[in-house]
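Sequence lines set the chain letters: A, B, ... in the order given, protein chains first and strands last, and positions in each chain run from 1. Computation of the quantities below employed the complete heavy-atom set of this structure, encompassing side-chain atoms and omitting hydrogens, waters and symmetry-equivalent molecules.
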Number of protein chains: 2
Amino acid sequence: MKHLPHKTIERLSQYRRALLICLDKGQTHIYSHEIARIQHITAVQVRRDLMLIGYTGTLRKGYNVKELIDLIGEIIDSQEGINVAIIGMGNLGRALINYFSGKRSHLKIVASFDINPDKIGNSMSGVPCYSSEEMDKVIKEKDIRIGIMTVPAEFASQTTDALVKAGIKGILNYTPKPVTVPKEVYLEEYDMITSLEKVAFYVKLNEKEEA
Amino acid sequence: MKHLPHKTIERLSQYRRALLICLDKGQTHIYSHEIARIQHITAVQVRRDLMLIGYTGTLRKGYNVKELIDLIGEIIDSQEGINVAIIGMGNLGRALINYFSGKRSHLKIVASFDINPDKIGNSMSGVPCYSSEEMDKVIKEKDIRIGIMTVPAEFASQTTDALVKAGIKGILNYTPKPVTVPKEVYLEEYDMITSLEKVAFYVKLNEKEEA
DNA sequence: CTAACAATGTTAAATAAATAACAAAAAACT
DNA sequence: AGTTTTTTGTTATTTATTTAACATTGTTAG
């Protein structure tokens with residue numbers, strides 16, 4: 001397998017989550033068009049994605065749910081699991097910890113960081129909160145590879161620099177401030193305001209078209 | 001102007017935010033490559049986006065910051081402003097309200113909803129929290145056009161149906177559960193787990209390539 | 001037993017987006 | 001004045017992604 005499109009990677013993650021729900025319900029097989037309907041995409045796209053990862057279903061029976069979940073895991077997960085830290089225990093940081101708690105996953109949130117003394121030393125859903133000053137030490141000690149930045153925008157740059165210096169391999173930046181990393185660090189940025197403005201734009205467009 | 005690419009819409013929103021910061025600093029003009037550097041894209045892409053919206057800069061002086069901000073506003077904002085509601089006042093809902101408070105914007109968060117009686121009746125950053133049962137009424141009364149869903153996954157579908165029934169025009173779904181809306185409603189879905197798994201995948205890929 | 005059907009898997013075409021190439025013109029320098 | 005530089009604006013090309021077309025093959029129904 002050579003290069004999976006970025007979009008395919010995202011969809012595989014989503015397929016898996018949908019499949020896990022099917023598995024819990026006791027469903028053993030699923031058709032491409034069933035997966036497609038859940039994700040609001042076409043069955044062709046599903047089949048194409050699965051072709052790219054080399055999975056073969058059964059004609060007229062569809063795909064084996066369990067097998068497919070495992071294969072997707074082989075593709076997108078790392079064998080050993082990856083430790084993750086959340087930097088900034090504001091509302092967003094706490095939201096993320098809640099999202100993840102309970103979900104068995106190869107991604108483990110093993111630490112959080114903040115500068116607020118009231119938060120440092122506490123735990124949330126089993127995730128201890130450390131002082132930001134200890135970031136370098138804790139990241140190295142716990143072999144944390146991914147950092148999720150949920151700090152206020154004004155701390156985005158310095159936090160990024162500290163993470164990079166500590167040897168982080170990937171950053172998910174939820175601050176509205178774009179940051180810069182060396183090319184060996186994978187960076188994903190997401191900005192909620194942009195998403196909302198985009199929705200507003202298309203809402204406006206729809207209204208204009210109706211008129 | 002015919003069809004602006006989706007990606008251009010997103011970038012325009014981001015350009016504007018960067019430009020607002022420049023304006024605050026008193027900067028009157030900006031070059032395409034300066035905008036590009038902030039957003040980690042190429043200057044060509046910036047110029048192309050601006051070409052698409054029909055904005056013309058000044059040779060060797062760059063773009064007029066104020067003018068460009070205003071033009072982007074004309075393109076992506078609606079004249080009257082749009083009212084927004086947040087459904088689900090958990091950590092994520094509160095994070096969004098904080099994000100937006102203070103930001104003068106044509107998008108106004110005018111209501112939030114929850115089922116927790118302790119939250120109903122309170123206000124946060126000036127945003128009152130109503131009972132989810134009042135959703136239909138409040139959305140109509142306040143002319144709310146966009147709903148941001150930050151409810152637990154298991155409530156995603158029913159919340160969506162309620163929003164659609166109340167006449168919402170756009171939904172930003174932050175639950176990990178994909179939902180379905182009629183085609184006249186614009187839907188944007190974002191899933192934090194997918195983003196994190198994507199980062200993990202590329203981190204793994206980088207590590208393999210190094211080896 | 002054969003025809004119709006319903007599903008997968010793959011190649012081909014179309015669309016969307018990013019990048020490259022380059023023309024034009026104001027400013028700066030000699 | 002002429003040349004170089006810098007920056008914009010536009011067209012052309014390339015790359016990425018989605019969609020369409022269609023071949024294939026178990027399965028079911030007559």
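The CG-P distance, from B:D49 to D:dG9, rounds to 13 Å in whole Å. Rounded to an integer number of Å, the gap from CZ of B:R60 to C1' of C:dA25 is 10 Å. Whole-Å rounding puts the A:I53 CD1 to C:dT10 C1' distance at 16 Å. What separates CG of B:L52 from P of D:dT11 is a distance of 11 Å, to the nearest Å. In this structure, A:H6 atom NE2 and C:dA17 atom C1' are separated by 14 Å, rounded to whole Å. In this structure, B:L50 places its CG atom 13 Å from C1' of D:dT7, rounding to the nearest Å. Atom CE in B:M51 sits roughly 17 Å away from atom P in C:dA23 (whole-Å rounding). Computed from coordinates, the A:H3 NE2 to D:dT15 C1' distance equals 12 Å when rounded to whole Å.
Side chain to side chain, A:Y190 and A:S195 meet the donor-acceptor criterion of an N or O pair below 3.5 Å. Side-chain polar atoms of B:K198 and A:S13 form no donor-acceptor pair below 3.5 angstrom. Side-chain atoms of B:Y202 and A:K169 form no donor-acceptor pair, as typed in the model, at a separation below 3.5 Å. Judged purely by distance below 3.5 Å, without hydrogens or angles, the side chains of A:R17 and B:T194 pair a donor atom with an acceptor atom. In the model, A:D49 has a side-chain atom that pairs as donor or acceptor with a side-chain atom of A:Y15 under 3.5 Å.
For DNA chain C, the neighbouring residues in residues 26-46 of chain B, judged by any heavy atom under 4.0 Å, are B:V44, B:Q45. Scanning residues 7-15 of chain B for heavy-atom distances under 4.0 Å to DNA chain C yields B:K7, B:R11.
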task = Decide side-chain contact (heavy atoms from CB on, under 4.5 Å) for B:I97 and B:M89; before the verdict, give the C-alpha distance in whole Å, the side-chain angles of both, and the deciding distance to 0.1 Å.
result = CA-CA 9 Å; B:I97 286 185; B:M89 281 298 279; 3.6 Å; yes
message = With side-chain contact (heavy atoms from CB on, under 4.5 Å) as the criterion, how do B:F113 and B:V138 come out once you've worked through the C-alpha distance, each side chain's angles and the decisive distance to 0.1 Å?
response = CA-CA 10 Å; B:F113 298 96; B:V138 175; 3.8 Å; yes
task = Apply side-chain contact (heavy atoms from CB on, under 4.5 Å) to the pair B:H106 and B:Q79, showing each step before the final yes or no.
result = CA-CA 8 Å; B:H106 68 120; B:Q79 284 189 307; over 6 Å; no
ask   = When you look at B:T175 and B:T150, which way does the side-chain contact (heavy atoms from CB on, under 4.5 Å) test go after all the steps?
value = CA-CA 6 Å; B:T175 77; B:T150 51; over 6 Å; no
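Remark: the B:R47 side chain and the D:dT7 base include no donor-acceptor N/O pair separated by less than 3.5 Å. A donor-acceptor contact under 3.5 Å links the side chain of B:R48 to the base of C:dT19.
When the side-chain nitrogen and oxygen atoms of A:T58 are compared with OP1 and OP2 of C:dT8, none of them lie within a distance under 4.0 Å.
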